[in-house]
Amino acid sequence: MPPVNELGGYALFTAGAWPHHDHLGVGGPGVVALSLARHALRLAHDTLRPRRLLLPHYTCHSMKAAAARLGAEVQYYHLGEGFIPDLGGVQAGDLCVVNNHFGLAALDAAWQHALASASVAQRLVDNTQSLDLERRWPDCWSVQSPRKFLPVTDGGIVVLPEDQPESALRLPEATDQSWQRMGWLFRAIDEGTRSTSYAEYLAYRRDQVQNIPDALASPTTRQLLQALDVAGVIRQRQARFEDLRHRLPLHPSCQHLKLAAGSSPIGFPVQVADAAQAQVRLAQHRIFAIRYWPEQAHGDQGGDELNAFERSWRDQTLFLPLDGDCDEVQLQQVHDVISGAQR
C-alpha cells in the first residue's frame with residue numbers, strides 16, 4: 001500500500017501556495033539555478049573543457065579561488081577606463097570571464113563592443129552585480145547572484161547560450177539546503193528591521209557562504225525566486241538610483257550612463273578620498289555602503305597587480321545601497337563624506 005499522508009501539525013509551503021512571477025526564469029528552459037553564482041564557473045568549465053580561463057584582475061576573490069580549484073591554466077587581464085576589458089590575448093578554445101562591473105559596465109557601448117570582439121572564445125558574463133530580467137547575451141553564458149539583492153541566502157542563476165544543449169551540461173549532483181543559514185533573515189523579518197541582524201548577515205557573507213556546496217539551488221530558494229516580484233524590486237531600485245543622481249554627485253566615470261530597462265546596479269557609486277574611512281563614518285549613521293574589493297589590498301589576492309584605474313575603484317569608491325530611501329540627514333552625511341567635511 002502507498003504511504004498514508006501525514007495529518008496534523010501545520011501547513012507545508014508548496015509551489016502552488018506561492019505567487020508565481022518567475023521573473024528570473026528559474027523554472028524555464030535555458031536557465032540553471034545553482035547554489036552560488038561562483039559555481040557557474042565550474043559548470044561552464046566542466047561542460048566546455050576550455051584550454052585556458054581568462055579573468056579580470058579586479059574581480060571577487062571567490063571567483064579567483066574557484067578558478068584556482070579547477071586546476072586549469074588561468075590568465076588575468078586588466079580593465080581600461082570605463083571598465084573596458086583588455087581582451088587582446090583571447091584565443092579559440094579559451095573561456096573568457098567578462099564582468100559587468102557593478103551592473104554599470106555593460107551600459108557602455110565600448111564594453112559591449114569589447115565583449116563582441118572576443119567571440120572567438122567561449123564567454124561567461126559575470127552579471128552578479130546586476131539584478132536583471134533580460135537575456136542580454138544570447139551567444140554567451142551569464143550568471144546572476146540574487147542573494148545580493150533579494151531575501152534569499154543562496155542562488156546562482158545561470159543563463160545558457162542559445163546554442164548550448166542542456167543535455168550536455170555537467171550539473172552537480174547535490175542539492176543545497178538553505179534552511180541551515182536562515183537565522184539572520186528570519187530575524188530581520190520578525191523584527192521588521194535589519195538593525196540587529198546586519199552583523200549576522202555580514203558574518204554569513206564572510207563565513208557561512210564560503211561553505212555552501214557546489215550544488216543545485218535549494219528548493220526553498222527556487223520557490224522564493226519564482227514568487228518574488230523581482231520586476232517591482234528593480235523598478236524601486238532604479239527610482240532610488242535616479243533620485244540619488246539628482247541629489248548627490250554620481251561617480252565621474254558613470255555620469256554619462258543611462259540605466260537599462262529591467263536591470264538594476266548593485267548600488268549608487270560615489271567617489272571619496274578614502275573608501276575605508278568613509279565606509280566607517282557612514283556606518284556610524286546607519287548607512288551601510290559597500291566597497292569592492294578591499295581584500296585585493298593584500299598581495300595574496302592580487303592587489304599588487306591592479307592598475308591605476310582599478311585601484312581607484314577599490315580605494316576611492318563607495319556604493320550606496322538602493323534597498324531603502326535616504327532621508328535628508330543621511331544625505332547630508334553622505335555629502336560631508338564626499339566633500340571631506342568633519343562633523
Side-chain angles (χ1 to χ4, degrees), residues 56-61 78-85 98-112 114 125-132 144-145 148-149 205 233-261 263-283 285-297 303 306-326 330-341:
H57 280 288
Y58 186 49
T59 191
C60 172
H61 73 283
H78 284 294
L79 306 174
E81 293 290 330
F83 304 107
I84 309 306
V98 183
N99 289 41
N100 177 15
H101 277 88
F102 316 122
L104 296 167
L107 301 174
D108 194 307
W111 182 95
Q112 298 170 27
V125 177
D126 183 338
N127 200 30
T128 55
Q129 294 178 314
S130 172
L131 187 59
D132 200 342
Q144 292 194 64
S145 181
K148 294 181 174 67
F149 301 84
R205 289 284 301 271
V233 171
I234 289 174
R235 287 194 296 269
Q236 286 183 327
R237 292 176 61 89
Q238 284 197 333
R240 290 179 182 127
F241 187 99
E242 295 302 337
D243 179 63
L244 290 175
R245 190 198 287 263
H246 288 98
R247 304 168 78 183
L248 291 170
L250 180 64
H251 193 287
S253 295
C254 303
Q255 291 179 0
H256 67 291
L257 299 177
K258 293 180 62 177
L259 297 184
S263 175
S264 169
I266 192 71
F268 184 89
V270 294
Q271 192 173 53
V272 296
D274 186 315
Q277 292 183 11
Q279 186 181 40
V280 172
R281 285 186 60 190
L282 290 178
H285 301 281
R286 305 180 65 76
I287 304 170
F288 299 110
I290 313 165
R291 295 169 58 204
Y292 293 103
W293 283 273
E295 66 272 9
Q296 293 200 6
L306 300 185
N307 63 25
F309 174 79
E310 295 157 348
R311 288 195 301 272
S312 73
W313 280 86
R314 181 194 64 188
D315 298 337
Q316 297 177 305
T317 306
L318 283 179
F319 287 81
L320 302 179
L322 297 174
D323 54 350
D325 297 316
C326 277
Q330 290 173 319
L331 281 170
Q332 185 58 55
Q333 295 298 335
V334 175
H335 272 293
D336 290 347
V337 166
I338 293 173
S339 65

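Bear in mind that the values here come from a model prediction, so they are computed numbers and not experimental data.
Within the 4.5 Å cutoff, the side chain of Leu244 has heavy atoms near those of the Leu322 side chain. Looking only at side-chain heavy atoms (C-beta outward), Arg281 and Asp336 come within less than 4.5 Å of each other. Counting only heavy atoms from C-beta outward, the side chains of Arg291 and Thr317 never approach each other to under 4.5 Å. Inter-residue side-chain proximity for Gln330 and Asp325 is flagged as unmet; no heavy-atom pair is nearer than 4.5 Å. With a 4.5 Å cut-off on side-chain heavy atoms, Ile234 and Phe149 do not count as touching.
A donor-acceptor pair under 3.5 Å links the side-chain atoms of Gln255 to the main chain of Leu250, judged by distance alone. The main-chain N or O of Gln129 is never found under 3.5 Å from a side-chain atom of His101 such that the two would form a donor-acceptor pair. The main-chain N or O of Leu79 is found under 3.5 Å from a side-chain atom of Asn307 such that the two form a donor-acceptor pair. Looking at Asn127, its side chain never comes within 3.5 Å of a backbone N or O of Gln144 through a donor-acceptor pair. Using modelled atom types, one side-chain atom of His251 and one backbone atom of Ser253 make a donor-acceptor pair closer than 3.5 Å.
Taken from SG in Cys254 to CG in Leu104, the straight-line distance is 5.0 Å, to the nearest 0.5 Å. Taking CD of Glu295 as the reference point, atom CZ of Arg314 lies at 10.0 Å (rounded to 0.5 Å). Taking NE2 from His246 and CZ from Phe241, the interatomic distance works out to 11.0 Å, rounded to the nearest 0.5 Å. Here the OH-OH distance, from Tyr292 to Tyr58, works out to 9.5 Å after rounding to the nearest 0.5 Å. The line from OG of Ser312 to CG of Leu306 is 10.0 Å long, rounded to the nearest 0.5 Å. Atom CD1 of Ile287 is separated from atom CG of Leu331 by 7.5 Å, given to the nearest 0.5 angstrom.
Asn100 approaches Ala106 most closely through the heavy-atom pair OD1-N, 2.8 Å. Looking at every heavy atom in both residues, Ala289 comes nearest to Leu282 through CB-CD1, 4.1 Å. Here the closest heavy-atom approach between residue Ala278 and residue Leu318 is recorded as CB-CD1, 3.5 Å.
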Please list every donor-acceptor pair under 3.5 Å in which a side-chain atom of residues 264-276 meets a protein atom from a residue at least two apart or in another chain.
{"from": "Ser264", "atom 1": "OG", "to": "Arg237", "atom 2": "NE", "distance (Å)": "2.8"}
{"from": "Asp274", "atom 1": "OD1", "to": "Ala276", "atom 2": "N", "distance (Å)": "3.0"}
{"from": "Asp274", "atom 1": "OD1", "to": "Gln277", "atom 2": "N", "distance (Å)": "3.1"}

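Taking the six-membered ring where tryptophan is involved, the planes of Trp313 and Phe102 are essentially parallel, since the angle between them stays under 30° and well short of 60°.
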Problem set entry | Pair Leu248-His335, side-chain contact (heavy atoms from CB on, under 4.5 Å): steps then yes or no | CA-CA 7 Å; Leu248 291 170; His335 272 293; 3.5 Å; yes
